[in-house]
Asker: 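Just passing along the structure, written as structure tokens.
Below, each value reflects all heavy atoms present in this structure, side chains not excepted, and no hydrogens, waters or symmetry copies. Letters go in sequence order (proteins before strands), and every chain restarts at 1.
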Amino acid sequence: MPTKFQDKVYELCSKVPKGKVTTYKAIAEAMGTKAYRAVGRALNKNPYAPKVPCHRVISSDGSLGGFATGIKNKVKLLKKEGIKIENNRISKKIIIKIS
DNA sequence: GCTTTGACTCTCG
DNA sequence: TCGAGAGCCAAAG
């Protein structure tokens with residue numbers, strides 16, 4: 001079991017509904033921290049790999065940010081979810097905020 | 001136990 | 001509009 005911080009990150013990731021995405025910033029803010037980078041780093045480890053849809057987490061300005069298994073794979077996964085991706089950019093309108 | 005790094009974000013030029 | 005620099009926190013080395 002990873003740290004509480006990571007656990008929180010993964011939990012928030014799970015809260016993202018299918019067909020929508022969220023941002024690293026939103027996650028960090030949701031857990032009451034500004035460790036945006038720590039969130040990304042935690043997801044890179046991704047001990048919950050298939051359990052948590054970490055591919056639904058992107059950067060704040062709509063870019064994909066990055067992906068451990070490759071951006072291309074991330075794009076493919078998101079497209080499967082019904083998310084439109086253009087030039088490695090996600091429509092900001094589908095970006096949601098975590099409660 | 002301190003230093004470096006990172007799937008980030010913001011601000012300034 | 002685009003590029004570079006600084007700031008932030010947590011985990012790994």
Asker: Going through the checks in order, is the side chain to side chain contact (heavy atoms under 4.5 Å, CB included) test met by A:Thr3 and A:Asp7?
Answerer: CA-CA 6 Å; A:Thr3 65; A:Asp7 192 34; over 6 Å; no
Asker: At their closest point, which heavy atom of A:Ala42 faces which heavy atom of A:Pro47, and how far apart are they?
Answerer: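 Answer, listing the atom of A:Ala42 first, then A:Pro47: O-CD, 4.4 Å.
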Asker: What residues in residues 50-62 of chain A put a non-hydrogen atom under 4.0 Å from any atom of DNA chain B?
Answerer: A:Cys54, A:Ser59, A:Ser60
Asker: I'd like to know if A:Val21 and A:Ile71 are part of one continuous hydrophobic network [Ile/Leu/Val/Met/Phe/Trp/Tyr, side-chain heavy atoms within less than 4.5 Å].
Answerer: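 The answer is yes; both residues are in one hydrophobic cluster.
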Asker: Restricting to ring pair (Phe, Tyr, Trp, His ring centres under 6.0 Å), what partner residues turn up for A:Tyr10, sequence neighbours left out?
Answerer: A:Tyr48
Asker: Going from CG on A:Leu43 to CD on A:Gln6, what distance comes out if it is rounded to the nearest 0.5 angstrom?
Answerer: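 If we round to the nearest 0.5 Å, A:Leu43:CG and A:Gln6:CD are 8.5 Å apart.
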Asker: Got a sec, which pairs hit salt bridge (Lys or Arg N to Asp or Glu O under 4.0 Å) with one end in residues 24-48 of chain A, sequence neighbours left out?
Answerer: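 Salt bridge (Lys or Arg N to Asp or Glu O under 4.0 Å) check on residues 24-48 of chain A returns no pairs.
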Asker: Kindly state each residue pair satisfying side chain to side chain donor-acceptor pair (under 3.5 Å) with at least one member in residues 12-23 of chain A, sequence neighbours excluded.
Answerer: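 Sorted result for residues 12-23 of chain A: empty, none.
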Asker: N/O contacts under 3.5 Å, protein versus nucleotides 11-13 of chain C?
Answerer:
unit_1	atom_1	unit_2	atom_2	d
C:dA11	OP1	A:Thr3	OG1	2.4
C:dA11	O4'	A:Arg41	NE	3.3
C:dA11	O4'	A:Arg41	NH2	2.1
C:dA11	O3'	A:Arg41	NH2	2.6

Asker: Within residues 10-32 of chain A, which residues have any heavy atom lying less than 4.0 Å from an atom of DNA chain B?
Answerer: A:Tyr24, A:Lys25
Asker: In a check of side chain to side chain contact (heavy atoms under 4.5 Å, CB included) between A:Val39 and each of A:Asn44, A:Thr33, A:Val9, which one passes?
Answerer: A:Val9
Asker: Do any side-chain atoms of residues 59-66 of chain A form donor-acceptor pairs under 3.5 angstrom with protein atoms, and if so which ones, sequence neighbours left out?
Answerer:
unit_1	atom_1	unit_2	atom_2	d
A:Ser59	OG	A:Ser63	N	3.4
A:Ser59	OG	A:Ser63	O	2.5
A:Ser59	OG	A:Ser63	OG	2.3
A:Asp61	OD1	A:Ser63	OG	3.0

Asker: Can you give each donor-acceptor pair under 3.5 Å made by side-chain atoms of residues 89-99 of chain A, sequence neighbours left out, with the distance rounded to 0.1 Å?
Answerer:
none

Asker: Which pairs, with at least one residue in residues 64-73 of chain A and sequence neighbours excluded, count as a salt bridge (Lys or Arg N to Asp or Glu O under 4.0 Å)?
Answerer: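 Qualifying pairs, neighbours excluded: none.
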Asker: Looking only at non-hydrogen atoms, find the nearest pair between A:Ala28 and A:Tyr36 and report the distance.
Answerer: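 Smallest interatomic distance, heavy atoms only, reads CB-CD2, 3.5 Å.
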Asker: Nearest 0.5 Å please: distance from the CD1 atom of A:Ile27 over to the CG atom of A:Leu12.
Answerer: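 If I round to the nearest 0.5 Å, the distance is 6.0 Å.
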Asker: Please list residues of residues 87-95 of chain A whose heavy atoms come under 4.0 Å from any atom in DNA chain C, ordered by number; otherwise none.
Answerer: none
Asker: Would you compute the distance between atom CG of A:Asn46 and atom CZ of A:Phe67 and round it to the nearest 0.5 angstrom?
Answerer: 7.5 Å
Asker: Just grab all the salt bridge (Lys or Arg N to Asp or Glu O under 4.0 Å) pairs involving residues 73-86 of chain A, residues at least two apart or on different chains.
Answerer: A:Arg56-A:Glu81
Asker: Between which nucleotides of DNA chain B, 5' to 3', does chain A make heavy-atom contacts below 4.0 Å?
Answerer: B:dG6 to B:dC10
